[in-house]
Amino acid sequence: MFISDSIFYVGVNDHKVDLFEGQYVVPNGMSYNSYVIKDDKIAVMDTVDKDFGEEWLSNVKSILKDKKPDYLIVHHMEPDHCANIQLFAETYPEAVLVGNAKTFTMMENFFRDLKIDGRKLEVKDQDTLSLGKHTLKFIFAPMVHWPEVMMCYETTEKIFFSADAFGTFGALDVEQPWDEEARRYYIGIVGKYGQPVQMLFKKVAGVPIEKICPLHGPILTENLNYYLDKYNTWSSYAVETDGVMIAYSSIYGNTKKAVDLLAKKLKEKGCENVIVFDLARTDITTAVAKAFEYGKLVLASVTYNTDIFPFMKTFITHLTERNYQNRTIALMENGSWAPVAAKVMKSMMEKCKDITYLEPVITIQSSMSDENREQIDKLVEQLVMKEKKA
């Protein structure tokens, strides 16, 4: 993978992993990206996951030939990137480890036997490190998405080493659309921290960037404003797609029938973007990412043990944990004797900011009634009206 005549890719692809971070389904695997800058001084940028230490080190050695690195730049101490720091340090005992104060605190906690005294360079925000023709400028990005995270801007070739920002799920030897997996990655992993991402945007505003080199996913080299705009939209919790997403939980199919009727009538009224998720049969991270993409959300759940169905509870928890906001929500519930799902769902969403709730709230008792069908017609009008205003 070509980056430039002096900057090289030494990362690895992981097709063994089935759940990234123990929860994100990754059918196309993952990439763990690492880079080498060859100059008067040689810098290696991050390591990779523990299962690929030898492969990664072989990649590094193939680039270095008979030379030895001067620095290991540690942007992020999450184990999928930092796991081979000790292997590197033992292989290259004269190399200096570069990080910030929080980096080294975490490093000592992860690697109890690693002796780093006398071989660490602690940097501060906006510090620079000259490698010769290349200069690295360190840009701190706390809580994007860990507190120690920092990024590097290489001033000569104008390359932004962005840590986990602009990353995606998926290995680099698999073709896939950037948007879907980048959105799912961002919302799932970084989504709670929109404000820190916005602060990062202010730090790099006006900085000329030719390439973005993230720690996961493809290197971005063309039409960079497109990717920057996407990240700005996601981190500001703005609506990306004007449409209606319907998320439902149904046991015997009666709630599903109401949802199907709602979706059908929305499309008949001209809503081009209507998407429906059965939460029991959907990858939850995909559903969550789509909820952040769309401007309007319909939550439809059966009442279950005087609560809501477990899949709906999990879905809403994912939304609230990631600062879901600035959206329009409609509620639909079902209950054979004591329907309370709408009340519970709204209560769970109380911590979300700038939520507009539509009327009517549709209450189904066992199966759809004529009154429910009329309510669905009214709700369709409200959703379509909201779409036209938007």
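Donor-acceptor pairing under 3.5 Å is recorded for the side chains of Asp80 and His216. Using modelled atom types, one finds no donor on one side chain facing an acceptor on the other under 3.5 Å when comparing Thr233 with Glu240. Residues Asp14 and Tyr32 have side chains that bring a donor and an acceptor to within less than 3.5 angstrom of each other. Checking Asn334 against Thr255 by side-chain atom types alone, a donor-acceptor pair falls below 3.5 Å. A donor atom on one side chain and an acceptor atom on the other are not found under 3.5 Å apart for Thr47 and His81. Of the N and O atoms on the side chains of Asn372 and Ser369, at least one donor lies less than 3.5 Å from an acceptor on the other residue. Side-chain atoms of Asn232 and Gln198 form a donor-acceptor pair, as typed in the model, at a separation below 3.5 Å.
Cation-pi geometry between Lys120 and Phe104 is satisfied (NZ or CZ under 6.0 Å from the ring centre, within 45° of the ring normal).
Taking a cutoff of 4.0 Å between a charged side-chain nitrogen and a carboxylate oxygen, Lys290 and Glu180 qualify as a salt bridge. With respect to the salt-bridge test (charged N to carboxylate O, under 4.0 angstrom), the residues Lys265 and Asp377 qualify. Classification of Lys267 and Glu272 as a salt-bridged pair fails, no side-chain N sitting under 4.0 Å from a carboxylate O. The pair Arg183-Glu293 meets the salt-bridge criterion, with a side-chain N (NZ, NE, NH1 or NH2) lying under 4.0 Å from an Asp/Glu carboxylate O. A salt bridge is defined here as a Lys NZ or Arg NE, NH1 or NH2 lying under 4.0 Å from an Asp or Glu carboxylate O, and Asp370 with Arg373 meets this definition. A salt bridge links Arg281 with Asp278: the distance from a Lys NZ or Arg NE/NH1/NH2 to an Asp or Glu carboxylate oxygen falls below 4.0 Å. At a threshold of 4.0 Å, the pair Lys264-Glu268 counts as salt-bridged, since one of the basic side-chain nitrogens sits closer than that to a carboxylate oxygen. Checked for salt-bridge contact, Asp179 and Lys230 meet the test: a charged N lies under 4.0 Å from a carboxylate O.
Between Tyr185 and the options Phe166, Phe169, Tyr24, Trp178, a ring-ring contact (aromatic ring centres under 6.0 Å, His included) holds for only Phe169.
Remark: the backbone N or O of Thr356 is not paired with any side-chain donor or acceptor of Arg327 at under 3.5 angstrom.
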